[in-house]
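One-based numbering, in listed order, for ligands and for the atoms of each.
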Amino acid sequence: AKASGRHCWRFFEIEMDAEARMQHVLEIDLRSALASDELDVHYQVIVDVATRLPCGVEALVRWRHPVFGNLSPDRFVPIAENTGLIVPIGEWILRRACAEATGWPAHVKIAVNMSPVQFRSPGLVAMVRGTLAAVGLPPERLELEITESVLLQKHSEIIDRLHELSALGINIVLDDFGVGYSSLNYLRLFPFSKIKIDRGFVGEMARRTDCATIVSAVTGLAHALDMATTAEGVETWEQFRLVQAAGCSQAQGYLFSRPEPAGRLDFSRREIGER
Ligand code: C2E
Ligand code: CA
Ligand code: CA
Ligand code: CA
């Protein structure tokens, strides 16, 4: 038992080492990923619950690594945050997504994720304003998705920055609502135009009536405060009917579409009918 215990421990050490080395390799490779044209943006439609037609699109970054293949953002966005690379990468994603959106129907909004590190970076507001002007996208068409981790800092500074951003005419969206410490107070303190209900909740709704009750209550509250709601991670028609019953205004998930390259988006197609 001792020997195998020691063996396990050594195996664990080797694993840890491999993981650390991998992190290091990815960190180095990420520095050149933008210049090497390895990053790409995919787009996932968000549908209006009432019409089931696309009303928005979320931009999701992708990395085609020359050796490891497609890496999920969960794998490399944290590295980009730790190294500060998320600032230039995030700026590139924003510009790319906004430029793409200029070719879409005017009612379709483009949602771009913003890391807390990027949110805190100096010159953010000017960068966003400059990007919109450069590509010619009306600010009302842009949604910036932030998570509550952005809000866990000094409130007065965050509030100032959020107000500067919304003064540009863009929309601020609270992502992943319902996980972590989401406080109802956030809905009052910050100028959100929409909240996205985390897919963990949406997934549980079918099994647990208490989850459905929470989603209905949060949706009612959001709408009373003049905010829209998007249910994330809708994968089945049962889930769609539940989020519809809960009053969510928008839905997003594999039921409607996977994230796909810009060229595959088709806004004239009603891809969303019960089959
Ligand atoms: P998120 O912002 O919550 O994005 C939604 C994630 O859920 C995406 O994963 C999307 O592909 C996935 N998803 C959509 N519909 C479904 C569904 O029906 N079922 C399931 N199981 N998943 C669904 P993805 O693209 O792997 O991104 C993961 C996370 O990485 C994002 O979570 C976001 O936090 C981060 N991320 C992605 N793109 C960017 C980016 O451009 N900038 C920043 N800062 N973060 C990004
Ligand atoms: Ca998001
Ligand atoms: Ca989310
Ligand atoms: Ca998430």
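At a cut-off of 3.0 Å, Asp176 does not coordinate the Ca ion (ligand 2) through any N, O or S atom. Here Asn113 reaches the Ca ion (ligand 2): one of its N/O/S atoms is less than 3.0 Å from the metal. Taking 3.0 Å as the threshold, Glu58 counts as a candidate ligand of the Ca ion (ligand 2), since one of its N, O or S atoms lies below it. For a distance bound of 3.0 Å, the N, O or S atoms of Glu145 include none lying that close to the Ca ion (ligand 3). For residue Asp175, an N/O/S atom approaches the Ca ion (ligand 3) to within less than 3.0 Å.
Neither the backbone nor the side chain of Lys196 comes within contact range of ligand 1; no heavy atom lies under 4.0 Å. When heavy-atom distances to ligand 1 are checked against a 4.0 Å cut-off, Gln252 has no atom that comes that close, whether in backbone or side chain. Within the 4.0 Å heavy-atom criterion, the part of Arg62 lying near ligand 1 is the side chain and not the backbone. Only the side chain of Glu232 comes within 4.0 Å of ligand 1, judged by heavy-atom distances.
The shortest non-hydrogen separation linking His223 to Gly247 is CE1-O, 2.9 Å.
Salt-bridge check for Arg52 with Asp48: failed, with every basic side-chain N at 4.0 Å or more from each acidic carboxylate O. Here Arg258 does not pair with Glu58 in a salt bridge; the nearest charged N to carboxylate O distance is not below 4.0 Å. Between Glu238 and Arg241 there is no salt bridge, since no side-chain N of the basic residue sits under 4.0 Å from a carboxylate O of the acidic one.
Atoms of ligand 1 lying under 4.0 Å from any heavy atom of Pro259, numbered from 1 in the order shown and given with element: 11 (O). Near Gln44, with a cut-off below 4.0 Å to any heavy atom, the atoms of ligand 1 are 14 (C), 15 (N). For ligand 1, the atoms lying closer than 4.0 Å to a non-hydrogen atom of Ile93 are 41 (O). Remark: ligand 1 atoms within the under-4.0 Å shell around heavy atoms of Glu235 are 17 (C), 18 (O), 19 (N), 20 (C), 21 (N). Counting atoms of ligand 1 from 1 in the listed order, those under 4.0 Å from a heavy atom of Glu58 are 2 (O), 4 (O). Ligand-side atoms of ligand 1 in range of Pro73: 24 (P), 25 (O), 26 (O), 27 (O), 30 (O), 36 (N), 37 (C), range being under 4.0 angstrom from any heavy atom. Within ligand 1, the atoms closer than 4.0 Å to a non-hydrogen atom of Asp176 are 3 (O), numbered from 1 in the order shown.
Between the side chain of Glu100 and the main chain of Arg96, no donor-acceptor pair closer than 3.5 Å is present.
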Would Phe177 and Phe201 count as a ring pair (Phe, Tyr, Trp, His ring centres under 6.0 Å) here? Give the steps. CA-CA 9 Å; Phe177 189 82; Phe201 263 96; 8.2 Å; no

Full working for side-chain contact (heavy atoms from CB on, under 4.5 Å) between Ile89 and Phe76: CA-CA 11 Å; Ile89 290 175; Phe76 66 88; 5.8 Å; no

Using the side chain to side chain donor-acceptor pair (under 3.5 Å) rule, take Thr83 and Glu27 through it: C-alpha gap first, then chi angles, then the decisive distance, then the call. CA-CA 8 Å; Thr83 53; Glu27 188 179 318; over 6 Å; no

Show the numbers, then the answer: is there a salt bridge (Lys or Arg N to Asp or Glu O under 4.0 Å) between Glu204 and Arg207? CA-CA 5 Å; Glu204 284 292 301; Arg207 277 187 297 278; 2.8 Å; yes

Side chain to side chain donor-acceptor pair (under 3.5 Å) between Gln44 and Gln252, worked out: CA-CA 8 Å; Gln44 185 181 32; Gln252 177 180 6; 3.0 Å; yes

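The heavy atom nearest to atom 7 (O) of ligand 1, considering only Arg199, Glu145, Arg96, is found in Arg199. Considering each of Val234, Asp74, Val112, the one bringing a non-hydrogen atom nearest atom 29 (C) of ligand 1 is Asp74. Residue nearest to atom 44 (N) of ligand 1, selected from Ala251, Gly233, Ser115, Gly200: Ser115 (by heavy-atom distance).
No side-chain heavy atom of Arg62 sits less than 4.5 Å from a side-chain heavy atom of Leu39. No side-chain heavy atom of Thr230 sits less than 4.5 Å from a side-chain heavy atom of Ser249.
Residue Asn113 has at least one N or O atom closer than 3.5 Å to an N or O atom of ligand 1. At least one N/O-N/O distance between Val61 and ligand 1 falls below 3.5 Å. Polar contact with ligand 1: present for Asp175 (N/O pair, distance under 3.5 Å). Here's the thing with Tyr254: one of its N/O atoms is less than 3.5 angstrom from an N/O atom of ligand 1.
Aromatic pair Phe192/Tyr186: centroids not less than 6.0 angstrom apart.
Ligand 1 lies nowhere less than 4.0 angstrom from a heavy atom belonging to Arg258.
Its N, O or S atom nearest to the Ca ion (ligand 3) is what matters here, and for Glu232 that atom is OE2.
His65 and Phe68 have tilted rings, their planes meeting at an angle from 30° to 60° on a 0 to 90° scale.
Between the side chains of Lys196 and Gln250, no donor N or O sits under 3.5 Å from an acceptor N or O.
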